[in-house]
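All of these numbers come straight from a predicted model, not from anything done at the bench. All residue numbers in this chain count up from 1 along the given sequence.
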Amino acid sequence: MTTRELYRAICREETDLPLFLYDWWMDAVCEQWDVAVTMKGQQVSGVWPYPIQQRLFIPMIRTPKLTPYLGPHVFFPDDIRESNRDRFEHDTINDLLNQLPDPDVWALAMQPGLKQVGLFRFFDLRAEVRQTFLIDLSQQEGELFSNMSESLRRNIRAAEEEITVTAEPDALRLLHNYQKITLEDKGRLQHHSFEDLKRLFDACIRHDSGVLWVAKSGNGQIQGLILHVWDRERGYYLMGARNPSGESYRAMSALLWHAARESKKRGHKIFDLEGSMDPGVERFFRNFGGRRELYMILHKNRSLMWKILRGM
């Protein structure tokens with residue numbers, strides 16, 4: 001049995017993996033990928049799926065398109081003492097890192113909350129810090145609502161009078177087109193094709209791990225859309241966009257509140273807004289009252305050509 005075959009068996013058995021580490025997700029977003037697996041005795045203690053990429057003959061490990069986080073996942077023993085968790089995590093990730101290839105270029109996002117910075121530095125990986133916002137869904141719905149800013153609560157109340165939110169998978173191309181327009185207005189490029197998005201969305205539907213929520217005004221015009229995905233523990237706002245010619249600025253507020261409530265109904269513990277470093281987007285997400293959480297992007301660049309192309 002190859003390591004990938006072993007990992008596919010692990011994915012069939014384990015229900016607690018983060019969504020973006022599942023083999024079917026990797027199949028959907030990567031042309032090629034492999035995985036490191038480490039054991040403690042007869043038990044799997046950690047896994048780390050990773051993309052295999054090459055640009056201009058430069059080997060790379062980079063976060064795939066449409067994927068917010070990758071990195072390792074540690075399976076802690078049920079009876080482990082709290083005082084031993086950090087060492088167990090350290091040793092497991094160290095074993096996994098020793099199995100990974102050593103390409104010239106890294107740019108790989110880790111799961112939020114992973115803190116083994118010293119270990120990554122030992123492997124010559126530089127950590128860039130990003131942030132997200134996590135909404136604790138263990139609260140009652142009324143508490144979730146009251147934790148939001150007053151202006152956001154007003155927007156959501158007003159949206160309830162003028163907007164209807166439904167699941168409409170056939171509107172996926174509109175999401176792609178609206179997001180493309182929004183990014184171009186900010187002078188940015190959309191780095192995935194519609195085919196990339198459709199392949200991933202279809203995989204999420206097959207594995208009961210995603211839905212496309214659409215907000216419509218009373219006249220039936222689509223005002224905004226978001227792609228909501230999930231694993232067993234968390235819901236995620238993967239992407240979204242307003243209708244550039246829409247008449248309601250409240251659509252995204254209504255859509256994200258709807259997705260958070262749906263995640264709570266599914267029994268999720270957390271709704272991840274996938275926070276942005278863009279000041280305007282950060283301010284909008286902060287209004288939802290979530291907890292700010294940091295995550296790392298691991299970087300390495302030993303390629304002179306890539307340094308020149310990236311402006312050093």
Kindly compute the distance separating [atom1] ([X]) from [atom2] ([Y]), expressed to the nearest 0.5 Å.
X	Y	atom1	atom2	value
L137	R261	CG	CZ	12.5 Å
D34	M26	CG	CE	9.0 Å
S263	H228	OG	NE2	3.0 Å
F284	L256	CZ	CG	5.0 Å
F120	L125	CZ	CG	7.5 Å
F201	L238	CZ	CG	11.0 Å

Could I get the full list of salt bridge (Lys or Arg N to Asp or Glu O under 4.0 Å) partners for [X], not counting sequence neighbours?
X	value
R173	none
R4	none
K264	none

Which heavy atom in [X] sits nearest to a heavy atom in [Y], and how many Å separate them?
X	Y	answer
Q116	M296	N-CE, 4.3 Å
D231	P18	OD2-CA, 3.4 Å
I61	P101	CD1-CG, 4.0 Å
G71	L21	O-CD2, 3.5 Å
I297	A107	CG2-C, 4.2 Å
G46	T92	CA-CG2, 3.6 Å

Check whether any side-chain heavy atom of [X] sits under 4.5 Å from a side-chain heavy atom of [Y], and report yes or no.
X	Y	value
E89	L114	yes
M60	W306	yes
P64	L70	yes
L108	W48	yes
H299	N301	no
R286	R292	yes
H191	L183	no
L197	M239	yes

hydrophobic_cluster_shared for [Y] and [X], side chain cutoff 4.5 Å:
X	Y	result
L172	I181	no
F271	L294	no
Y249	L175	no
V29	Y50	yes
L56	V105	yes

* Side-chain H-bond candidate by donor/acceptor type, W33 with D27, under 3.5 Å ->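 The criterion, which ignores hydrogens and geometry beyond distance, is satisfied for D27 and W33.
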
* For T67 and W25, does a side-chain donor sit closer than 3.5 Å to a side-chain acceptor? ->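 On atom types as modelled, these side chains qualify, holding a pair under 3.5 Å.
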
Under the side-chain contact (heavy atoms from CB on, under 4.5 Å) test, which residues partner [X], sequence neighbours left out?
X	result
E293	P112, T132, L134, R291
S217	N219, Q221, Q223, E247
A158	R250

Salt bridge (Lys or Arg N to Asp or Glu O under 4.0 Å) partners of [range], not counting sequence neighbours, each pair once:
range	result
residues 9-19	D16-R232
residues 59-78	K65-D196
residues 179-190	K180-E184

* F75 vs H73 aromatic rings, parallel, tilted or perpendicular, using cut-offs 30° and 60°? ->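 If you compare the ring of F75 with that of H73, the planes turn out perpendicular.
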
Salt bridge flag under 4.0 Å for residues [X] and [Y]:
X	Y	answer
E160	R157	no
E195	R199	no
K300	D102	yes
E150	R153	yes
E128	R130	yes
D202	K198	yes

* Worked check of side-chain contact (heavy atoms from CB on, under 4.5 Å) between E262 and W213 -> CA-CA 11 Å; E262 289 296 315; W213 297 118; 3.6 Å; yes

* To do: Check side chain to side chain donor-acceptor pair (under 3.5 Å) between N84 and all other residues, then give those that pass, not counting sequence neighbours.
  =>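 In terms of side chain to side chain donor-acceptor pair (under 3.5 Å), with neighbours along the sequence ignored, N84 is linked to no residue.
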
* Are more than 12 heavy atoms from other residues, nucleotides or ligands located less than 6.0 Å from atom CE of M305? ->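 Open.
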
* Near R55 CZ, under 6.0 Å, is it more than 12 heavy atoms from other residues, nucleotides or ligands? ->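 Not more than 12 within 6.0 Å, no.
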
* **W230 six-ring centre to R266 NZ/CZ under 6.0 Å and within 45° of normal** =>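 Here R266 passes the 6.0 Å and 45° test against W230.
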
Quick check: does any side chain N or O of [X] sit under 3.5 Å from a backbone N or O of [Y], one acting as donor and the other as acceptor?
X	Y	answer
S146	E143	yes
D104	S303	no
S45	T38	yes
K269	G267	no

* Which is it for I135 and F133 under the side-chain contact (heavy atoms from CB on, under 4.5 Å) test, yes or no, and what are the steps along the way? -> CA-CA 7 Å; I135 298 175; F133 290 91; over 6 Å; no

* **Pair Y69 + Y295: ring centers closer than 6.0 Å** =>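 Judged by ring-centre distance (under 6.0 Å), Y69 and Y295 do meet the cut-off.
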
* To do: Kindly say whether the aromatic ring centers of F20 and Y236 come within a distance under 6.0 Å.
  =>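 Yes, ring centres under 6.0 Å apart.
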
* ring-ring contact (aromatic ring centres under 6.0 Å, His included) partners of residues 80-115, not counting sequence neighbours, each pair once ->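 ring-ring contact (aromatic ring centres under 6.0 Å, His included) check on residues 80-115 returns F76-F88.
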
* **Pairs where residues 134-180 contributes a residue and the test ring-ring contact (aromatic ring centres under 6.0 Å, His included) is met, not counting sequence neighbours** =>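 The answer is F145-W257, H176-H192, H176-F194.
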
